[in-house]
Every structure is written in C-alpha cells, then in structure tokens.
Amino acid sequence: MITVSGLCKRYGRHIVLDGVDLEVPAGSLTAVLGPSGSGKTTLLRILAGFQRPDGGRVQLGGTTVEEAGRVHVPPERRRVGYVPQEGALFPHLSAAGNVAFGLPHRERRGPRPGELLALVGLAGFDDRYPHQLSGGQQQRVALARALAVRPEIVLLDEPFSSLDAALRAEVRQDVARVLARTGTTAVLVTHDQDEALSLADQVAVLRDGRVAQCATPETLYRCPVDPAMAGFVGDANLLDGLVGDGRVATLLGELALVGGPAVLGDGVRAIVLVRPEQVRLDDSPDAPGSPARVEAVEYHGHDAVVTLQATGAPGPRLLARVPGAPAVKPGLVLRASATGPVVAWRHEGAEQPVPVPGTGTAGPAGSDGWPRAGGM
Amino acid sequence: MVTGTTVARRARWLNPTRKSADPRMPLALVVLSVAVVAGLMLPLAFLVLQAAQAGGGQLSQLLLRQLTLTLLLNTVKLVVVVTAACAVIGTAAAWATERTSLPGRRVLATLLVLPVAVPDFVIAWGWVSLFPSLSGLPGAALVLTLGLYPLVYLPVAASFRRADTAQEYVARSLGKGPWSTFMSVTLPQARLAVTGGCLLVALYLLAEYGAFSVLRYQTFTTEIFAEFQQGFDAPAAAALSLVVVALGVVVLVAEVAATRPGRTVLGRPRPQAGVRVGLGRATAPVVAALGALVVLAVGVPAAMIVYWAGSGQRTTLPAAQSLAGAAWHTALYSASAAAVATVAALPVAVLAVRYRRAPVVVMERAALLVEALPGLVVALALVYFAARYAPLAYQSGPLLVMAYAIMFFPLALVAVRASMARVPAELEMVGRSLGRRPLSVVLRVTLPLVMPGLLASFLLVFMTAATELPATLVLVPTGVQTLATQFWAYTGDFSYRAAAPFAAAMLVVAVVPSYLLGRWFDRLPSGAVGR
C-alpha cells in the first residue's frame, strides 16, 4: 500500500508537482496517466527515492519513507523495484546476471534467477546479453530483475513505449499476468490512455501537477470529473443540454442522467458528455434525434468513426462510433440520436460558450493537446 | 596528438545540458573535483604571481621592445598561413573521401589521419635532413601544414558523414548544380567542424616548439626556451609566457563561441548510402594529390628514418642500450601521467555529466582552459614553483609526471566524460532500487561501463606524453633520457644515424595506440559523442 500526500516538486520556477495525493491499495496495479511533461516520471522517482520532494509525504506499507526536509530513506532500503523506460538492462551482464544483481551472494548462483526468467517467459535465456535480446525480451528481463528482490512495490516508467504496437499488447498482458500472480503492488506511468484503461485496476490522471481524478477505468471513462477530463480520456461529444424532468434535452434526444434525476436541478443549463459509441445513426427520416451531414468516415476494421456536422445552425460537430463498415459516404444526411444514461455538468456562466480545449464551443473533444489512442 | 583527440574535443561542446537525476552533489565528489581543478590552475596562478612580482614597470620594459613585435608578427603570419592551408586541404580531403566515389577511399581515409600521430619535430627533422636549407616561414608553414591538416580533416570528415544528404538532393532537385550545391548546402553543414578544426590548429601552433627550433623559425616558444636556457631569466620568460597564454585564451574563447551548436542542425548519422559524386576524369589527379599529401607528411620522415638507420657501418650496440633505457623512462613517465590524469578526470567527469549546473560547468571550463597553456609554459611554471617552494622536486620524475598530467588533463577529461555520458543514470537508479548501496553501484555498474573510456583516456595521454618535447626537455631528471630528449640531443649534434632509431620508436608508440583509439571512437554510437 502506498500513500502519497501533498507531494510538491519544482525545478527552479517550474512547478511540476503541486500537491499530489494518491492511494495505491496493496496488490493492485495503478496507472498514473498524464501527457509528457506532466511530472509522471518525477512522481515515480520520488516514490523510488531518486529525487526528493519540496513538500509532502510518501508512506510505503505504513512506514514514512519520505517527508520533505525530515525523512529520506535511501532507494536501496525501500524495497521498491524500478523498471525504467526501455528496460535499462546492465549491458555488461547477461540476462541471468541482470536478474541476480540485487540478490544476496548465495542466491546468485542458485535457481532463483532461472526461475524468475521462466516466470516472465524467458526460460533458457540465462546467458543472453542485452544486445542479443529483442525490445520485448529486454523489458521482461527488467521486470524479472525488479521482482527478484521480492519488492513490496514495483514502479514501471512507460515500460512499453519503446515497443511496436503488436509486441506492446503481448508484453503488456504478460506483465499484468506476472504482477497479478506475484501479488505485487505496482504503479505504472504512461501517457497512453489505452494502456492505462486496459491494464490498471485504478487510474490516476495527473493534470497541472495534481491528481485530477483517481478512479477505476470504467468510472474514469463513464464519469469523468469535468469536460476537460472527458476529452482527456477517450473521444467525447460535449453538447449543450437543458435539464428537465430528471432528464437532459440535447440535440440527440432526451437522455437519462447517470446518478438519477437529482444530480442537477430542473431548468439548469448543462454540458452533456455523449461518447461516440452512444451515438446511433439512422437513415430513415422518421428516426428520432437530429439531422446531421456525414463529413468523414475513418475505418478501423472492427468499427468505424463517423464525423458528422449537425445541420441546425450553428450545429456542433459530432463523432459516432459504429460497428463494422458503415454504408455511409460523406455528404449523406442521417438522423443522429443517442442512448443514455449520460454525464452532465452544470454550465458555468450560461451565456459563455463551454470552455472545451481546442474547439471553442461544445463539440467533440479529444485529440486536442492529448494523443488520441488508436481505436479508442 | 592523435586521431581521436579532435573527435573527442568535438564531443564536449555538442553535449547539451541535461537534467540531473539527483539534486544533491555528493560532497566527496565536489571536494575531489575542486582539488583537481585547483591543481590544474597552479601553473597559471604561478605565472601570474611571477609576473606580478616583476611589477608593471619591468613587465612593460620586457614586453615593449622590438623583439616582442617580431615574435608576434612571426606567430601571427604563421598561424594565418598554416590555418588557411589546413582549412583548404583538410576540407577538400574530407570531401573527397566521404562524398565522392574515389577508388581506395577507405585506405586513404586511414592514411590521411596518420600525420597527426607523428610528432611535428620528427616531420620537421625528416624534411630538414632531406633539404638542409629548408627554414624560416616557408619551411615552418610547409611542415606544420603537413603535420596539422588532419586536425581539420578529422572533424570535417565526421561532420560530412553525419550530415543529412537529403538536403543535397533537395538542392539538386531545386535546380542547383553540383558545385553550387557544395557551396550552398554541403559546406555550411560542415561550417562548425571547419571552424573548430582551424582553431585547434591555431592552438597547436601557439604551443609548438620542436619543429620551429629545427626549422630555425623564431616564435614565442623558441624565445621563451632560449631565455630559460640562457640564464633562467624568470621575469622575461614569464612575461613572454603570459603573452602566449593570452593568445591561447583568445583562440580558445573563439573556438567555444564558433563551435557552439546552434545555427547548423546536424542530422543523425544515416545508414543510407547516399549517392557519391563521381569524379570522372578528375579521379586520377585527386588520388595522386591525396597520395602525395600522405607521402610528404609521413613518407618523408619515415624514409629518412630508414635511410639514416641503415646508413652507418659501425656497431649500434651503445645506441641500442640507450634506446632501451630511453624507452623505459618514456614509458614510465607517460604511463604514470596517463594514470594520474585519468584518475583525476574521473570525479570532474562524473560531476559534469550527472550534476550539470552552473558551478560545475564553470569548473569544467576552467579545467579545459589548460588547453591554452603551451607545454613549455606549464613546465617553466613548475620549474619556478619547484625552485622556490620545493627545491627537491626540481628535475625529479614526479614533477615531470605532474606537468604531463596537467597539460593533457583536457584529453583525459574529454575521453572519460564521453564514456560517462554513455552510462544512463537509470542504470545507477536501478542498481540502487535493487538494494545496493551507492558505492556498490559504482563498483558493479558504473565502473565496468566506463572502463573503455578510462582505457581510451589512458592511451590518449600516454601516447601524447610519450612524444612530448619541450616540457620534457625542461623537466627531465638529470642523467635521464627519454625517446624524445635523446632524439633531440642526437639531432642537435647532427648525429642523424643515432637519432633514427629513437624516431622510429616514437612512431611506434604514437601510431599503435592512435589506431586503437581511432577504432574505439569509431565504435562510439553517435548518441555518446553527440549528445
């Protein structure tokens, strides 16, 4: 179990961490998600003891290991395994030598290095040197090396970013399996939402030096804390809506609210999140919803993302994710509707347009200042 | 002088500031580094002290005479002529071997850097023993151009190899001809390398003594040496030394300013072959010209060594005995200096790579300032220092070793730093997180990984010290000869036959490690040297 409270870190005038609070339950895998430069690696290095915070506290398993200006337990006494980017294997040691690095003398020549290599699926690779291993294999050895010393916690710093897409999925699953089997508490840092959502038990989104939201992947995707977060995690249609009778009226129909009618009072103007897969497209003119013209179709194989422009003036741009290959072409006018329930936030300053990054007015967010994961 | 030197020197300005991993500098490391840099500053400090004691009146009396003006003119004339010649020859040769379809270009590329491993005073001796009338500015310009053009060739060839050839294709596709492309695209890409190489040539010229003495060309170094020999005229020598040091600092500052990466963007080296320019009918003349260059620079001294070695009829037994003794002392002093310089460079290199921040950068630059001090000046400063504070140390082995270690510290620092920069800080972090204490991590991770760099540093200093002349002449213990001093003594007596084996031994000492070093630097990934 890791407890981080009020962690602050600055480089000169640049504030990187501005009061980070985080709880990582024992035995779970928590992903810290944030764009590059958001302080993810700094957070990880403070947890490992390589950097010292300017303020705040870190507790590992109930023991305070870091308290700004008071306590600093050196990295070698924290029992924290560290898997850096690209593995960082010791180039002068074999795979077994790397795994044995942290072991006491008598265990180095014993069966444990071999066992750990077998655990990560590399039985028989003992004598290979790092340059004789592929990227994925290096990453597995790095994990085995971290686990060899039976750490209480393993920290992974963008461990899959250097692998190509096909290999990434495979190594990712293997790492998750090994961590689950050993029951290790793990913190994984990544800028890839796909990775965070598919791998972690809990995702903490780092924004402006703070944890903006910490939740399970489902909650994060379904109920982001604010419109910006909705755009951070996955693609989002952000629409204007008016609350009435416990439902919210939007361009795409009257939709039920997540959490029931009591969330927002009647007559409140709201920003409504409709995920692209909640949008339904229909070619019969009698279908519910509003007319929208197809602008582009992005085919992904398992599904397709259709970009539409609502025909009402000024109609917002809409994203719809439809299974399979849609029989629509740009220029076609369809009826777009949505299925609830949806999340909505009170529209702050009702006269102003909703401050959604990049779009200026309510509309699809995502892919603005945030790398959009392929196929999300 | 060595093949790798210039490449290594390039490395230090291409290294951008990196964020440090741990904000706290270990105290021991700081103390050691400060001690090392303070030691390096000793000669300079002593020189200034000496001059200050002489007082302003005496100083101006010593400097404001016709002699100073003559020396200054001689020096500037030579620097301008040789630097310009080296720039043209070095750049043209680099372009021919790197960018054209010249037959035998790989062999030529290896041969073209050889002169840098041959001591300039041996090249000068080779030429003078062939043409005894060779002297003055023409002689000095010829010999030093032959000896120093590789200092331009090496970095320019490296930069042609790294440069993005796609830019040339773009220029050609935009309607520029081959010559116009060369002038407007290729040459600007190599601008940093050409400037850097030229300034390096200038720095070597300021420090040169042996070749000028052989060729009877009067410069500051020859005059300082004469003053020293004539009667230990400390104030006069110190005053002239300060002028040379000032010139050296000007060159060094110019080099730093000119080679700072900025306007030129170096591409990553691309494995793509790139279309080489066909030379057509010019092929034969170009091959002949490059071949002639190598023959003039290396062939002449080598041939003269062989000629003189085989000329005599008398037994060579006494010479063989003194050869062994001189070789032993050369090896002893050079190896000691190499070890001292390498060990001293380690803490400074670690600080410079891992804890790069303003005070550390200042310290590193101060250490590299030593490059502006000619060996002769360092030696004289140590002589005065010993004469005043440590009479027992004067003309002792350790003082000579110390002089070498100070003079060649920048070489050691560059080599150690380049290999230190290749060890990612993450590796040390991982070692710590696996439960190892910092010292254990240093011994089991850092040291094995920087070992090649330490070895390179050792070789670099060793071979440079083994062929060093002026400081050795001043500081060598009485009754002891090294290869360089014995060669010098024999050539001074015109006993060329006896001198030849010593020159041959020096060539072996210089060429073998420089070959090893060249291979080491070739294997360095660009990431290590480049960033």
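Lettering follows sequence order; numbering is per chain, from 1. Owing to the predicted nature of the structure, the values given are computational and were not obtained by experimental measurement.
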TODO: Quick one: pull up CG in Leu44(A) and CE in Met429(B) and give me the separation to the nearest 0.5 Å.
DONE: 10.0 Å
Open item on the list: For Arg79(A), is the CZ atom crowded, meaning more than 12 foreign heavy atoms sit under 6.0 Å from it?
Closed with: yes
Task: Aromatic Phe50(A) / basic Arg432(B) pairing, under 6.0 angstrom, 45° off normal - done: no
TODO: Let me know if Leu449(B) has heavy atoms under 4.5 Å from chain A in its side chain, its backbone, both or neither.
DONE: side chain
Task: Under 4.5 Å from a heavy atom of chain B, the part of Ala142(A) involved - done: neither
Open item on the list: Please evaluate residues Arg444(B) and Phe90(A) with respect to the criterion side chain to side chain contact (heavy atoms under 4.5 Å, CB included), reporting the C-alpha separation (whole Å), side-chain torsions for both, the decisive distance (0.1 Å), and the verdict.
Closed with: CA-CA 10 Å; Arg444(B) 289 183 55 200; Phe90(A) 302 123; over 6 Å; no
- [ ] Measure the OG-CZ distance between Ser433(B) and Arg45(A) for me, rounded to the nearest 0.5 Å.
- [x] 11.5 Å
TODO: Specify the closest pair of heavy atoms between Leu427(B) and Pro91(A), including all atoms of both residues, with the distance to one decimal.
DONE: CD1-CD, 3.7 Å
Open item on the list: Quick check on Leu93(A) against chain B: is it the side chain, the backbone, both or neither that has a heavy atom closer than 4.5 Å?
Closed with: neither
TODO: May I ask you to name which of Ala148(A), Pro84(A), Gly102(A) has the most heavy-atom pairs under 4.5 Å with chain B?
DONE: Gly102(A)
Task: Over all atoms of both residues, closest heavy-atom pair of Leu434(B) and Arg145(A) - done: CD2-O, 3.2 Å
- [ ] Select one option (side chain, backbone, both, neither) describing which atoms of Leu155(A) are under 4.5 Å from chain B's heavy atoms.
- [x] neither
TODO: Evaluate whether atom CZ of Arg437(B) has more than 12 neighbouring non-hydrogen atoms of other residues, nucleotides or ligands under 6.0 angstrom away.
DONE: no
- [ ] Under 4.5 Å heavy-atom distance to chain B, tell me which part of Val149(A) shows up: side chain, backbone, both or neither.
- [x] side chain
Open item on the list: Looking at every heavy atom in both Glu426(B) and Ala88(A), which two are closest together, and how far apart are they?
Closed with: CB-CB, 4.1 Å
